Protein chains: 2
Amino acid sequence: MTNNTPVTLKFLAEKLKMSVSTVSKALNNYPTINEYTKKRVQEMARDLHFTPNKSAINLKEKKSRIIGIILPNLLDHFFTRSIYGVEQFATQNGYNVIISQSHDDLEKEIQSANMLLRSRVDGLIVAISKQTQDFAHLDQFEQMGIPVVYYTRNPSFNLSCHKVLGNTFQGCYQATKFLIDRGHKKIAYLGGPKMINFTHDRFNGYINALKDNEVPFSAELVAYTDFDKENTISAISNLFANPENMPTALVAFKEPILFDAIKYLRSINHPNFNDIECIGFGNTSFISYLDSPPVASVEENPESVGENAIKLLLQLINKEIDIQNYQKVMVDCKLIVHK
Amino acid sequence: MTNNTPVTLKFLAEKLKMSVSTVSKALNNYPTINEYTKKRVQEMARDLHFTPNKSAINLKEKKSRIIGIILPNLLDHFFTRSIYGVEQFATQNGYNVIISQSHDDLEKEIQSANMLLRSRVDGLIVAISKQTQDFAHLDQFEQMGIPVVYYTRNPSFNLSCHKVLGNTFQGCYQATKFLIDRGHKKIAYLGGPKMINFTHDRFNGYINALKDNEVPFSAELVAYTDFDKENTISAISNLFANPENMPTALVAFKEPILFDAIKYLRSINHPNFNDIECIGFGNTSFISYLDSPPVASVEENPESVGENAIKLLLQLINKEIDIQNYQKVMVDCKLIVHK
DNA sequence: AACTACATTTCAAACGTTTGAAATAATTGC
DNA sequence: GCAATTATTTCAAACGTTTGAAATGTAGTT
């Protein structure tokens, strides 16, 4: 029972023996249209399953009511959870969302950007790929008057863009403070790749918490990893190498590397293993299945990051904020204590 | 430096003092257009950052080159991995993908469907929500000649639709056979919600493996859970209640419930705990962090499921397969042995 | 009967693109 | 030098919608 003549306004108009404009206005509930006419049109539209053609509307209205999102991937729960926040608020405001993954590949990111540009999205939310150094493909949007909000991963050096970020300094400060309050004096810090802009902020949070609480800092207790498992293991074994300066606690950049670290310490039967208390960024649901779970997690509130990004973007789209008046929004982290 | 006159074909035509059609044809590399003219047009288009308006093209061409995907959520790695398969093959063939989450809510699923219909997607891939009983919102697509492929979650009773499914029977058969080959005689089966159409297939895989290998079946060794943690615990404690009929192995419907089961058995210090070998569907990356990991996982190959879905959909779109000639594609699972 | 006032409907252009047909320009053959 | 051919460009309609302006219809007033 496939229908071949598409049900358009024109088609409805012919059926009802009235003009296309009357049909259009009736469906859009114009006050100048007679109530009885409206009823007839709306019934016919319903019965014939009239579905307005979004392309035609976009063309006419010069807007798409679509928000584009570009992010590295959908396997990281941070991103999928952030999408939830975006979607929620976007649909409430009559916008739809197109998600595009860059897979941390610049070429793919450029393709995604061009696709979204051709689709004339009304705004863009983007977490850049690890490779992104040049921003021409993203700058195009602002040049066409389409606002862009960078979230989480952003061009840190560039002040001339809108940003929504997790307050990773505050998160790391809080985590460190928590461990200090539990009596730890030797708190190790396992950082992420130095290229990622968060790495410094988190380290500063750590340092500042130590300082504010008069816990001496030791460079020996700081190491970095690039997320690679072997790299993590060598970093962690350095941290726990000196018996004179043995950490009793650990703050890690992200939970997966923390899990690698815990696993390693356990595998070598580290003598102090059972006394070490750990915290990582993430708050993965799998924590409940671990036998030696972290003592707490820094919850980055991805939904809230997403929500703040879309809220800012909608304000920019609606010109409640000038597109050149660059905003920076920080979303606080929350410490989740597991035991 | 925001540009206010949009760069359209008309704008380029005026700049170049030629007609809109020449510009259009030059950009689309028509053979009737003079080479030098093409060069001039293409250069101008590049310099002025001309970006064709997809809405206008869609309207003219009566197709969008967009594939819609509706799925329950993006937090389940099965779905995000399947998207990867879809996206990969779709972009290779010049299609873009719009993803929409139903959050297992019928109302949201209907909204998503209508949105995608208005966007005139060229095809739809859908994993239905748990609530979906009525399919009017999805049947609309076929009525408009837009092909729909159901994947994974599908209307099991309905033969008149295209389906791509994991071969869950084969997966469960293989898992059970593996345990039998390792010498187990008492293999428990922890099934998922009975409403989900896979539940039966998996159970049949289990039963048939037992039968084919002459291992006696015992109804006491079968229990079901609806994914709820308490429900899982009560199921698992039933399975491991009778000392006369104590399982030495367990096949579970999905890894999260398997993890709940393992955790419970460990927490009660079950005497046989260290001898129990388990297998679940999923192959989560977190397995490597567990202290008592499953002996193997049934990998459902989500990427391949996604790839098969998009391949079928493109064949339907290109009318290589008649839309009424309903297809059913099964994707085999693969047993991943962990130790 | 003529005029005003209002309610309702229709006209017509526009959005940015594509494309077959028609028009024009350039080249060739004689 | 002119018709015939071929190369190149332009015309014009179409896709499905929206919307201000214009047209039409209907009642009410004098």
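Lettering follows sequence order; numbering is per chain, from 1. Computed from heavy atoms alone, side chains included, the values below leave out hydrogens, waters and symmetry copies. In this text, all values refer to a predicted model and were calculated from it rather than measured experimentally.
Residue contacts for A:Asn28: at a heavy-atom cut-off of 4.0 Å it reaches the sugar-phosphate backbone alone, with no base atom in range. Residue A:Thr37 is in sugar-phosphate contact alone, with no base atom involved, counting any heavy-atom pair closer than 4.0 Å across all strands shown.
Rounded to whole angstrom, the span from the CG atom of A:Leu9 across to the P atom of D:dT18 amounts to 6 Å. Distance, B:Ile33 CD1 to C:dA25 P: 16 Å, rounded to whole Å. One atom, CD of A:Glu61, and another, P of D:dT18, lie 7 Å apart when rounded to the nearest Å. If you measure from atom NZ of A:Lys54 to atom C1' of D:dC15, you get 17 Å, rounded to the nearest angstrom. Rounded to an integer number of Å, the gap from B:Leu59 CG to C:dC15 C1' is 9 Å. When the P atom of C:dA14 is taken as reference, atom CG of A:Asn58 falls 20 Å away, rounded to whole Å. As a whole-Å value, the separation of B:Asn34 CG from C:dT24 C1' is 15 Å. One interatomic measurement links the two molecules: CZ of B:Phe11 to P of C:dC15, which rounds to 14 Å at whole-angstrom precision.
Judged by distance alone, with hydrogens and angles left aside, the side-chain atoms of A:Asp105 form a donor-acceptor pair with the main-chain N or O of A:Lys108 at under 3.5 Å. Here the side chain of B:Asn28 pairs no donor or acceptor atom with the backbone of B:Tyr30 at under 3.5 angstrom. A donor-acceptor pair is defined here as one N or O able to donate and one able to accept, closer than 3.5 Å; no such pair exists between the side chain of A:Glu87 and the backbone of A:Gly85.
Going from atom OH of B:Tyr326 over to atom CD of B:Gln324 covers 5.0 Å, rounded to the nearest 0.5 Å.
Side-chain proximity of A:Thr8 to the nucleotides C:dT9, D:dT17, C:dT17 is greatest for D:dT17. Distance from the side chain of B:Lys62 is smallest to D:dC15 among D:dT18, D:dC15, C:dT17.
Between the base of C:dT18 and the side chain of B:Lys60 there is a donor-acceptor pair shorter than 3.5 Å.
You'll find the side chain of A:Ile69 stays beyond 4.5 Å of the side chain of A:Val126, heavy atoms only. B:Leu74 has its side chain within reach of B:Ile83: a pair of non-hydrogen atoms, C-beta onward, lies under 4.5 Å apart.
Cation-pi contact between B:Lys163 and B:Tyr151: absent, since separation from the ring centre below 6.0 Å together with deviation from the ring axis within 45° is not met.
When each of A:Phe50 and B:Thr32 is assigned the nucleotide of DNA chain D bearing its nearest heavy atom, the one mapping closer to the 5' terminus is B:Thr32.
Of the residues in residues 19-27 of chain B, B:Ser19, B:Ser21, B:Thr22, B:Lys25 come within less than 4.0 Å of DNA chain D through at least one heavy atom, sorted by number.
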